[in-house]
Amino acid sequence: MKQAPTPAPAPQREALPMQVDVKIHSLHASGPVLADASVNLNGCFAIRGIKVVDGSNGPFVSMPSYKGRDGYKDICFPCTKEFHQQFHQAVLDAYQQTLTQIPLRQQESQEAPPAPEMKM
């Protein structure tokens, strides 16, 4: 009796470093959505429609989703636990950095000299 050849083990893929560039588009003053964001992965894949949402345990990242029969389903999502943590931390860090820049922008606009009046 012939034995079937055993399949070769799948080659191990080395995880490449992922560059996660986050842009916070808008901050919301009221409601559960705190901010809208987009993410660019390694300069070659963009994700729009990401939201920073105020949850009971603090802000969390909500991925773009659609409503199905069984509730909402994410359209795209990180596949590994490690990248999930890196992705969400990058979005939350960008959100916090944007929040810290608001007082600086307000202070700069108050310190700026008034624009010269134009006479006609």
Side-chain angles (χ1 to χ4, degrees):
M1 186 155 145
K2 276 187 169 181
Q3 264 187 325
T6 56
Q12 292 290 330
R13 289 189 291 173
E14 184 179 325
L16 298 173
M18 182 68 69
Q19 176 145 1
V20 181
D21 295 317
V22 181
K23 181 173 182 180
I24 302 297
H25 295 287
S26 60
L27 297 173
H28 301 276
S30 62
V33 176
L34 301 172
D36 296 310
S38 62
V39 173
N40 189 305
L41 303 174
N42 278 358
C44 61
F45 190 83
I47 304 169
R48 294 183 180 156
I50 297 170
K51 298 186 181 314
V52 178
V53 179
D54 189 17
S56 57
N57 295 327
F60 69 91
V61 176
S62 174
M63 298 297 284
S65 62
Y66 67 94
K67 187 173 184 180
R69 282 185 264 166
D70 301 331
Y72 286 92
K73 304 279 186 190
D74 286 348
I75 292 171
C76 54
F77 48 87
C79 293
T80 66
K81 181 180 179 181
E82 295 80 17
F83 186 62
H84 179 273
Q85 289 172 339
Q86 178 187 353
F87 186 93
H88 286 241
Q89 194 60 53
V91 173
L92 293 174
D93 287 349
Y95 169 69
Q96 291 297 328
Q97 183 176 0
T98 302
L99 286 179
T100 61
Q101 291 175 353
I102 290 173
L104 292 176
R105 288 183 184 156
Q106 290 173 345
Q107 184 179 5
E108 286 172 358
S109 66
Q110 291 172 357
E111 291 176 357
E117 290 184 29
M118 294 192 59
K119 295 182 182 178
M120 296 210 188

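Note: hydrogens, waters and symmetry copies are ignored here, and every other heavy atom, side chains too, is used.
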Using the rule that Ile, Leu, Val, Met, Phe, Trp and Tyr join whenever any side-chain heavy atoms are under 4.5 Å apart, tell me whether [X] and [Y] fall into a single cluster.
X: Ile75; Y: Phe45; result: no
X: Leu34; Y: Leu27; result: yes
X: Val20; Y: Phe60; result: no

Taking all non-hydrogen atoms of both residues into account, name the closest pair between [X] and [Y] and its distance.
X: Met63; Y: Phe77; answer: CE-CA, 4.2 Å
X: Ala35; Y: Tyr95; answer: CB-CD1, 3.7 Å
X: Ala37; Y: Val22; answer: CB-CG1, 4.4 Å
X: Val53; Y: Ser62; answer: CG2-CB, 3.8 Å
X: Val91; Y: Ile24; answer: O-CD1, 4.3 Å
X: Tyr72; Y: Lys67; answer: CE2-CB, 3.7 Å

Quick one: pull up [atom1] in [X] and [atom2] in [Y] and give me the separation to the nearest 0.5 Å.
X: His25; Y: Lys51; atom1: NE2; atom2: NZ; value: 10.5 Å
X: Gln97; Y: Leu92; atom1: CD; atom2: CG; value: 13.0 Å
X: Ile47; Y: Ser38; atom1: CD1; atom2: OG; value: 9.5 Å

Quiz prompt | Any donor-acceptor pair under 3.5 Å from Asn42 side chain to Gln19 backbone | solution = yes
Quiz item: Do His28 and Asp36 pass the side chain to side chain contact (heavy atoms under 4.5 Å, CB included) test, and can you show the C-alpha distance, the side-chain angles, and the key distance before you say yes or no?
Solution: CA-CA 8 Å; His28 301 276; Asp36 296 310; 2.8 Å; yes
Self-check item: Heavy-atom side-chain contact between Asp74 and Pro64 under 4.5 Å
Solution: no
Quiz item: Picking from Gln85, Gln86, His84, what satisfies side chain to side chain donor-acceptor pair (under 3.5 Å) with His88?
Solution: His84
